Amino acid sequence: MSKSAIITGIYGQDGAYLAKLLLEKNYKVYGFIARRSTPVDWRLKELDINDKIEFIEGDLTDLSSLIRAVEIAQPDEFYNLGAQSFVGTSWKQPILTAQSTGLGVLNCLESIRIVKPDTKFYQASTSEMFGLIQEPIQSEKTPFHPRSPYGVSKMFGHWMTINYRESFDIFGCCGILFNHESPLRGIEFVTRKVTDAVARIKLGCQNDLHLGNIDAKRDWGFAGDYVEAMWMMLQQDKADDYVVATGRTTTVRDMCKIAFDYVDLNYEDYVVIDPKFYRPAEVDLLLGNPEKAKNILGWEAKTSLEDLIKMMVDADLRRVNNELKLK
Ligand code: GDR
C-alpha cells in the first residue's frame, strides 16, 4: 500500500518540491491549505502536480482543522512547512508570526497526539535560530540566539517537537535548514529579488536594484536538494534533528556579483543601498556544518551556488520575456 502524507505550506517553494518528490515515490499527498481570495498555486502548476494533490482546507492556528485533516488523511508522515516565513515581515506582524510559525507547530503536534500518534512528524526548523552567532560554523550543538520574532517563533516549534518526542514518544524530527532557494522562491527573498532584477535589467525593463545589508553572509543551497533531506529524516529508525546546509558561506554582495556576471553586467552599476531594507536586528553570518546529515542520512548538497543562481536567472529571463511578449 502506498504511504500517505500531509504537507502544510504546500503552496510554498519547499511544499511544492516536497510534494513532487513524494508523488514520485508514489505517496498519496494531502495539501493542508488556508483559504485565500487569490490563488497561490502557481508553483504546483509549474511542476505540473496541482491535480495530483488532495487539498484539505484549514489553518495552522486552528487546531480543530488540523485534527480534521489528520482524521481524513490518516497520514504516515506529516511535514509542517507552513509558517509566516519572511523574516522582515515578522517585525511588522510579530503576533501573527508567533501564532502560525510558533503555536502552529504545537497545533500540528497535538493533532497527531490526539488522532494518530504513530504519524512521523517533520518540523521545518531554521538556521535563523542561531541568529547572533555563537560559533563560526553552526552545527546541531551550537547554542541558539534568535534575532527576529520569526527566529524566536521557530525556536518554540523546535523545542516543542523535541518535547513531544521526549514526552509522548512522537517520532518528530527537526531539520535545521539553512537558506535554500530555487526558481520557485518568493520574490521577497533576496536571491530571487536579485535574479528577477538581473533578468529585468538585462531585458531593459528595470534600471536598478535596491537592497539592504549586502554584507550579510548566508549558506545558500538548492531547495530541490533540501526536500530530499526532509524525507530521509523520516525514513530513519530513530527520530533526530539535523543541520541541512552546504558548508559554504557567501555575502549577498558576492551572490549579486555571480548573478550579474552571468549576464555580462557589473552589479556595481545597478545595486543601490536602501536603508529601507535594513532589519532592526541582523543575522550577520550563517555557515552550516552538514556532517551529521552526511554521516547518518547519507545526504549531501548537490548544487553549487553558481549553478543555482544560473538556474534562477535563466528561469527569470524566460518569465520576463514571456511577460514582455504578452504586453
Ligand atoms: P533570510 O532570507 O532572512 O536569511 O531567511 P532573505 O533572503 O530574506 O535575506 C537574506 C539576507 O539578505 C539580506 N538582504 C536582503 N534581504 C531581502 N529579503 N531583501 C533585500 O532587499 C535585502 N538586502 C539585503 C537580509 O538582511 C539577510 O541578511 C530565509 C527565509 O527563507 C527563512 O524563512 C528561512 O528560515 C531562512 O532563510 C533559513
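Atoms within each ligand, like the ligands themselves, are counted from 1 in listed order. As the structure is a prediction and not an experimental result, all values here were calculated from the model.
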Exercise. Salt-bridge test for K310 and E306: reply yes if a basic N is under 4.0 Å from a carboxylate O, no otherwise.
Key: no
Exercise. State whether R192 and D316 are salt-bridged, where the test is any N-O pair (Lys NZ or Arg NE/NH1/NH2 against Asp/Glu carboxylate O) under 4.0 Å.
Key: yes
Self-check item: Cluster link F144 to V244, ILVMFWY, side chain under 4.5 Å
Solution: no
Quiz prompt | Residues clustered with V87, ILVMFWY side-chain links under 4.5 angstrom | solution = W91, Y150
Exercise. Output the set of protein residues with a heavy-atom contact under 4.0 Å to ligand 1, ordered first by chain identifier and then by residue number.
Key: S85, F86, V87, T126, S127, E128, Y150, L177, F178, N179, R185, E188, F189, V190, K193, H210, L211, G212, N213, A216, R218, V252, F277, R279, E282
Quiz item: Do K120 and F171 meet the cation-pi criteria used here (NZ or CZ under 6.0 Å from the six-membered ring centre, within 45° of the axis)?
Solution: yes
Quiz item: Using the benzene-type ring in the case of Trp, are the ring centres of Y17 and F222 under 6.0 Å apart?
Solution: yes
